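Structure first, then comments.
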Amino acid sequence: MPSQASFLVGAMNRLRRRPLSYGPYALGRFGLVRRSYGAARGMLQRLGLEKWNQSGPPLVQGIDVRAAVASLREQSFYVVPQLPDEIVSEIRRFATEGLCRRQERPPFFKASDVIDGKLPTGEVAVLADVVGAASNQTIQAVSNERSVVAVIAKYLGYVPTGHHVRLIWSFACDATDEVRLNEGQTVLYHFDVHSYNFAYANYYITDVDARSGAHTMIVGSHTDKPLAWLFGSAMRSDGEIRGHYISDREITLTGPAGFGFIQDSSCYHRALAPVDRARLMLQIRYF
Ligand SMILES: O=C(O)CCC(=O)C(=O)O
Ligand SMILES: [Fe+2]
């Protein structure tokens, strides 16, 4: 389907499903909207008209907020100091013992039930969200991590008062990209539009390399997209991306369990399909 048509179909479906999300989705892709929204929210917060809750102990040390914000502005991402081992182990335990679901559809299952990308019933399972992640106290501590929130607040222009949490298994198997896309896995380059303004923090909870589900991205593309691509589908083929951006702007983020990065996910990015072993990633979307 041509990208303009697929954009329209996607927009119509979104409008039917969640009418209130359409404004942010249509407008949050434009830098001017994001900056104006950030400035207005920041002013309301400085006037004390909007309250936020900044609590919780620090989990990581040594973030230089100015350098982190500069990296986000120039490179679209910033690598944060490693999460402590006990935090990583607790999140992995929760995700291993807990129940998962595929795109909120039944059945519930455990990650260990998935073999070669299939449930025991034979149904495809390439991607699954761990249920109840937002209520887990360790995950809440990571979401509220002061210096990460401070970086995002400085970057957005206001302290984010909302965040959505996802703890996501991506299973190793030979499923095609088409199957993975149908299952909601973003294995094609795309930009996100989570709200009028937003930034994500992603933490690997398993060791990740290029064969186990690494995240790849185009450095600096959050402020550097062809105008026409802002109006069409958020997704682009590898050919389009590589035809437009020089190759050394494409990077693959790999690291041991506990590796994390803050990202302006309006840059082009995607997940590689894992081949060797499953990836578990904690994603916090601040807005
Ligand atoms: O799983 C990944 O590495 C990318 C996730 C992503 O693109 C998204 O959640 O929008
Ligand atoms: Fe994305």
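In what follows, every heavy atom counts, from backbone to side chain, and hydrogens, waters and symmetry copies are set aside. One-based numbering, in listed order, for ligands and for the atoms of each. None of these values were measured; they are calculated from a predicted model.
In terms of hydrophobic clustering, with Ile, Leu, Val, Met, Phe, Trp and Tyr side chains grouped at heavy-atom distances under 4.5 Å, F77 and I284 are assigned to different clusters.
A salt bridge is absent between R180 and E183; no separation between the charged side-chain nitrogens and carboxylate oxygens falls under 4.0 Å. By the 4.0 Å N-to-carboxylate-O rule, D207 lies too far from R279 to be salt-bridged with it. We find that R102 and E123 are joined by a salt bridge, their nearest charged nitrogen and carboxylate oxygen being less than 4.0 Å apart.
Sorted by chain and number, the heavy-atom contacts of ligand 1 below 4.0 Å come from T186, H190, D192, H215, H269, A271, R279, M281, Q283, R285.
A cation-pi arrangement is found for R29 relative to Y25, the charged atom lying closer than 6.0 Å to the ring centre and inside a 45° cone about the ring normal.
F261 and Y203 have their aromatic ring centers separated by at least 6.0 angstrom. Aromatic ring centres of Y37 and Y196: separated by under 6.0 Å.
Taking 4.5 Å as the limit, some side-chain heavy atom of D192 sits within range of a side-chain heavy atom of Y200.
Residue-and-atom listing of protein N/O/S atoms under 2.8 Å from the Fe ion (ligand 2), sorted by chain and number: H190 NE2, D192 OD1, D192 OD2, H269 NE2.
Here the side chain of N136 pairs no donor or acceptor atom with the backbone of A133 at under 3.5 angstrom.
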